[in-house]
K.L.:
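Sharing a structure with you now.
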Protein chains: 2
Amino acid sequence: MRAAPTPNEMLQLDKQLCFAVYSTSLAMTRLYKPLLEKLGLTYPQYLVMLALWEEDGPTVSALGERLSLDSGTLTPLLKRLEASGLVARLRDVADERRVHITLTAEGRKLKAKAANVPACLLAASECSIDELVQLTRQLQTLRDRVKAAA
Amino acid sequence: MRAAPTPNEMLQLDKQLCFAVYSTSLAMTRLYKPLLEKLGLTYPQYLVMLALWEEDGPTVSALGERLSLDSGTLTPLLKRLEASGLVARLRDVADERRVHITLTAEGRKLKAKAANVPACLLAASECSIDELVQLTRQLQTLRDRVKAAA
DNA sequence: GGCAATTACATTGCACACAATTTAATTGCA
DNA sequence: TGCAATTAAATTGTGTGCAATGTAATTGCC
C-alpha cells in the first residue's frame, strides 16, 4: 500500500499537472501561430471563428457562454474581427442591448482556407485520431468538474 | 473500417482538442485565483514560485527555458515578485548580463502556506492521484511533440 | 404608467504572452 | 589587441483574460 503523499509531493504533482495543461496550451498556440497568421487570425480569434462556423449569429453573451469568456475579452476581440471584415456586429431589433455576431461572406470563405490547419496538429502530435479523441474527452471532463467546483 | 475524416470533421476535432486544452487551462486559473490571491500571487507567478521552490537561483533565461516563457513575459513578472518581497534579482558577478532569481526568506516561507493549494484541484477533479498522474503524462508527451514540431 | 432592479454590452485598469527591437556585456577571431 | 558577432535582459507594442465599473435598454412590480 502506498503512503499518503506529503505536502511536498503534492506541490510536485500540482506543478506537473498545472504546468502540463498551461504549457500545452501555450505550445499549441505557438504551433498554430504561423498557420493562423496566413489567415489573419490569432489563436483566440481562430477559436471564435470555429464557433461561428458551427453556429452563426449568436449574441456576444451566448458566444461568451460557449467559450467561457466575458465581454471584457470578447468585445475588443470581436471589434478586431469586424475590422478585418470577417464578422458583423448587429444590434438585435427586438432587444437593443443584444449584439449578434454574424459571419460576412469573407468570414464564411475563410472556413475553406482553414480546412488544412488541423492536419498540422494531428501530424505534430504523432497520435492517432482515436487517441486524440480520448485525450480530448478526459480534458473536457476535468474542465467541467473544475468549472463546477469554482 | 472507419472512413477518413472529412475536412469538416477535422475542424470539429480541432475545435474540440484545441478548445479542451485552452479552456481547461483557463478553468484551472480561475479555480486557483481565490486561493492564490490569499498568497498574493497570480497563477503564472505561482508557477514561477513552484519552479523556484524546487531549484533556487536560476538565471532569467534558465527559468524561461523551464517554463518556456521569454524575457518579455518574465522580466515584468519577476519585478512584481520582487516588489512583493518574494524574490531578489541579482546580477551575476562573473557575467553581468545574467540576472539570478533567488528566493527571499519570505519567498521560502510562502511554500508552507501554499502546501494546501493542490488539494483543491485534486478535490475538484474528482479523480484519483493515479488518474491525474496518467493525464499529466499524456499532456507532457503531447506538449513535447508539439514543441518539437514548432 | 412609473420606477427600481436586472440584463447586455462596453470600458478601464492590471497582468500576462510574445514578436521585434534595444542595450549592455562577453566572446572569438584576425 | 581590436572589433565584429553573439548573448542576456530589458523595452515596446499588440492582443488577450478578467475584475470592476459604467451605460443604456428592458423587465417586473406596485
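Here is how names work: the chains are called A, B, and so on, in the same order as the sequence lines, proteins then strands, and each is numbered from 1.
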K.L.:
Who pairs with B/D56 by side-chain hydrogen bond (donor to acceptor under 3.5 Å, both in side chains), at least two apart in sequence or on another chain?
P.N.:
none
K.L.:
5' to 3' on DNA chain D, which nucleotides open and close the contacts with chain A (atom under 4.0 Å from a heavy atom)?
P.N.:
D/dG15 to D/dT26
K.L.:
Over all strands shown, is B/T29 touching base, sugar-phosphate only, or nothing at heavy-atom distances under 4.0 angstrom?
P.N.:
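The residue B/T29 makes no contact with any strand.
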K.L.:
Answer yes or no: is there a donor N or O on one side and an acceptor on the other, between the side chain of B/S125 and the main chain of B/L122, under 3.5 Å?
P.N.:
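Yes, B/S125 side chain to B/L122 backbone: donor-acceptor pair under 3.5 Å.
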K.L.:
Sort and list the pairs that fulfil salt bridge (Lys or Arg N to Asp or Glu O under 4.0 Å) and have at least one residue in residues 27-41 of chain B, not counting sequence neighbours.
P.N.:
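Qualifying pairs: B/K33-B/E37.
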K.L.:
CG of B/L81 versus C1' of C/dA15: gap in Å, rounded?
P.N.:
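Atom CG in B/L81 sits about 12 Å away from atom C1' in C/dA15.
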K.L.:
Hey, can you pull the residues of residues 20-27 of chain A with a non-hydrogen atom under 4.0 angstrom from DNA chain C?
P.N.:
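A/Y22, A/L26, in order of number.
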K.L.:
Kindly compute the distance separating OG1 (A/T29) from OH (A/Y46), expressed to the nearest 0.5 Å.
P.N.:
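Answer for the OG1-OH pair, A/T29 versus A/Y46, is 12.0 Å.
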K.L.:
Checking all strands, does B/A62 fall into the base, sugar-phosphate, or nothing category for heavy-atom contacts under 4.0 angstrom?
P.N.:
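No contact.
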K.L.:
Between A/H100 and A/D92 (side chain of the first, backbone of the second, donor and acceptor by atom type, cut-off under 3.5 Å), is there such a pair?
P.N.:
no
K.L.:
Please list, by residue number, the residues of residues 67-80 of chain A whose heavy atoms come closer than 4.0 Å to an atom of DNA chain C; answer none if no residue qualifies.
P.N.:
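Per residue number, the list reads A/S71, A/G72, A/T75, A/K79.
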K.L.:
In which ranges does DNA chain D form stems of 3 or more consecutive Watson-Crick or G-U pairs, distances under 3.5 Å?
P.N.:
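Detected stem regions: C:1-30 with D:1-30.
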K.L.:
For C/dC18, take OP1 and OP2 only and decide whether either is under 4.0 Å from a side-chain N or O of A/R30.
P.N.:
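Result: yes.
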K.L.:
Out of B/Q45, B/R80, B/M49, B/K109, which residue meets the side-chain contact (heavy atoms from CB on, under 4.5 Å) rule with B/L86?
P.N.:
B/M49
K.L.:
Do A/L41 and A/Y32 touch side chain to side chain, with heavy atoms closer than 4.5 Å?
P.N.:
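Not in contact.
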K.L.:
Output the rounded distance in Å from CD (B/E37) to C1' (C/dC14).
P.N.:
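About 12 Å, once rounded to whole Å.
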K.L.:
Using heavy atoms to find the nearest nucleotide of DNA chain D for A/E96 and B/V99 separately, return the residue whose nucleotide is more 5′.
P.N.:
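The residue mapped nearer the 5' terminus is B/V99.
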K.L.:
Give the cluster check for A/V133 versus B/F19: same hydrophobic cluster or not, with ILVMFWY residues linked at side-chain heavy-atom distances below 4.5 Å.
P.N.:
yes
K.L.:
Under the 3.5 angstrom rule, does the side chain of B/T141 hit a backbone N or O of B/R137 as a donor-acceptor pair?
P.N.:
yes
